Number of protein chains: 2
Amino acid sequence: MEKLIDGGVLPRKIPTHEVIYCRLRDMVLFGQLKPGQPVTIQGLTAQLDAGMTPVREAIRRLTAEGALTLQGNRRVCVPDVALTQLEELAFARLTLEPHLASIACSSLKKSDIIRLEKIDSEINRAIDTGDVQRYLMNNYRFHFDLYEQAQSPILLAIVHSLWLRFGPSLRVVCGRFGTSSLPDRHEEALAAMHAGDAAALARAVEQDIRQGIEQVRQSIATANV
Amino acid sequence: MEKLIDGGVLPRKIPTHEVIYCRLRDMVLFGQLKPGQPVTIQGLTAQLDAGMTPVREAIRRLTAEGALTLQGNRRVCVPDVALTQLEELAFARLTLEPHLASIACSSLKKSDIIRLEKIDSEINRAIDTGDVQRYLMNNYRFHFDLYEQAQSPILLAIVHSLWLRFGPSLRVVCGRFGTSSLPDRHEEALAAMHAGDAAALARAVEQDIRQGIEQVRQSIATANV
DNA sequence: GCGGTGAGAATATGATCAAAATCGCCGCTG
DNA sequence: CAGCGGCGATTTTGATCATATTCTCACCGC
């Protein structure tokens, strides 16, 4: 019965470093941090109002996942993807994500599809109102809610790491071109789910990824002029 | 001139947490730690003669890379791959590693191939003498020396993470069946390098991976009886 | 069998030390 | 005399440690 004394939804207390990790990760994923921006420990302890150790651990974790980069001189910053690295990201994402989507397809329940449709409508609303942050968050939720159904924790972790590397650049694209130019390839994905057509779903996801990568590629190309 | 005052080979001092990370990583990769074995912070501080903070950071990093697992009740242990996860590892490795090998092929210099041949002869010697540790180390070196030539840091990091998850189980296989049953698919790989045939190299790597995975699969299957 | 209790291990803090970057000062050169 | 470049002190930041606190698990008595 003592489990209720915190009066809350969570029976187990979440350790601080975990909380800090999630907050920092979201800052990277949803574009609160710009590529190239330096990340200091003491800055974060002040900003997030946390101790030094949890912040350090969160940074180490995110560094291992590729969301942050060590600059040799023991400084940490948000990485800026170059064109060559974009090729790597493209290959890995185009290989893994359609595969995950395809596996997930067969185990999708009706309630899952309904949930995904709700997220998709959130995405559309975010595009209409020009709310970049909300678009990014729901786009992330759409993909990972789907991928999670594949029950493949290892591949999921890898894809997660790819999104962490991709996130800041995607944010730059949105900031530059606005939400109007953003892809909405999710209609055909949802249709494929309803039909239970794994191959079609994989194709839809593939097209979605291609479009996103192409936008970042153009953004990088024009930025380097 | 002051750069020489440390009188040493290393102009830059390597931080302790980095050293600890490398040592722990090698322990995982080369089978000093068995699957399921618990990993305690204080145990490592004693064993590696280090402070608590560096050990904590190394553990966080390896956890993020999938080399260690958190057990919910803030314990850490070496993960034991199940059959379902082996499928994931197989898919990811078979997708990424032949690709890396294929890219690397064109940029291989004569000196690179000679180096790889030397490593391969080390592997053969280790198989002959039944030296599992040496086999594992040189097998790792063979693959990653090759993959590094692909100049693809992101994919390399992902593959590295896959090997970290795979390592302990491979060690179990070797311990069970000895080195005599170990694959040596490297001859054809080396031949393909000499010929500059990227496709053939990719096939050779693929066969090598298939064989390794198959052995682990059988090991898991028999262990579960 | 069950709940309390204690040992041990992990988490988290703040202090301390070392390294790096920044900025200002000085001398040199054009 | 003004601008430039290098040198050194200050200050910011990272690395490490010792320690306090919290949590888990297992043992023991009821």
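Since we're looking at a predicted model, the values are computed, not measured. Here is the naming used below: chain letters follow the sequence lines, and residue numbers restart at 1 for every chain.
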For B/R61 and B/H17, does a side-chain donor sit closer than 3.5 Å to a side-chain acceptor? no
Judged by modelled atom types alone, do A/E65 and A/W163 share a side-chain donor-acceptor pair under 3.5 Å?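 No, because no side-chain N or O of A/E65 sits under 3.5 Å from a partner of the opposite role on A/W163.
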Nucleotide [N], atom [atom2] - distance to [atom1] of [X] in whole Å:
{"X": "A/D49", "N": "C/dA12", "atom1": "CG", "atom2": "C1'", "result": "14 Å"}
{"X": "B/I59", "N": "C/dA10", "atom1": "CD1", "atom2": "C1'", "result": "10 Å"}
{"X": "B/Q71", "N": "C/dA9", "atom1": "CD", "atom2": "P", "result": "15 Å"}
{"X": "B/E57", "N": "C/dA10", "atom1": "CD", "atom2": "P", "result": "16 Å"}
{"X": "B/R75", "N": "C/dG8", "atom1": "CZ", "atom2": "P", "result": "13 Å"}
{"X": "A/I14", "N": "D/dT22", "atom1": "CD1", "atom2": "P", "result": "18 Å"}
{"X": "B/I20", "N": "D/dT16", "atom1": "CD1", "atom2": "C1'", "result": "12 Å"}

[X] has a side chain; which of [options] sits nearest to it?
{"X": "A/R56", "options": "D/dT19, C/dA21, D/dA15", "value": "D/dA15"}
{"X": "A/N73", "options": "C/dA20, D/dA15, C/dA12", "value": "C/dA20"}
{"X": "A/I41", "options": "C/dA15, D/dG14, D/dC17", "value": "D/dG14"}
{"X": "B/T40", "options": "D/dT24, C/dA10, D/dT16", "value": "C/dA10"}

Note: for B/R74 and B/H17 on DNA chain D, the residue whose nearest nucleotide lies more 5' is B/H17
Phosphate OP1/OP2 of C/dA12 contacted by A/T16 side-chain N/O (<4.0 Å): yes
With a 4.0 Å limit, can you tell me whether A/R60 has a side-chain N or O closer than that to the phosphate oxygens OP1/OP2 of D/dA15?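 Checking D/dA15 against A/R60, a side-chain N or O does come within under 4.0 Å of OP1 or OP2.
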Looking only at N and O atoms, is any donor in the side chain of B/Q42 or the base of C/dG8 less than 3.5 Å from an acceptor on the other one? no
Let me know, please, whether A/E18 or A/M52 comes out on the 5' side of the other along DNA chain C by nearest nucleotide.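 That would be A/E18.
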Contact check, side chains of B/L108 and B/L146, non-hydrogen atoms, under 4.5 Å: yes
Would a 4.5 Å heavy-atom cut-off, applied to side chains only, mark B/C77 and B/V39 as touching?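 When only atoms from C-beta onward are counted, B/V39 and B/C77 do not touch, as no gap falls below 4.5 Å.
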B/H143 ring center within less than 6.0 Å of B/Y147 ring center: yes
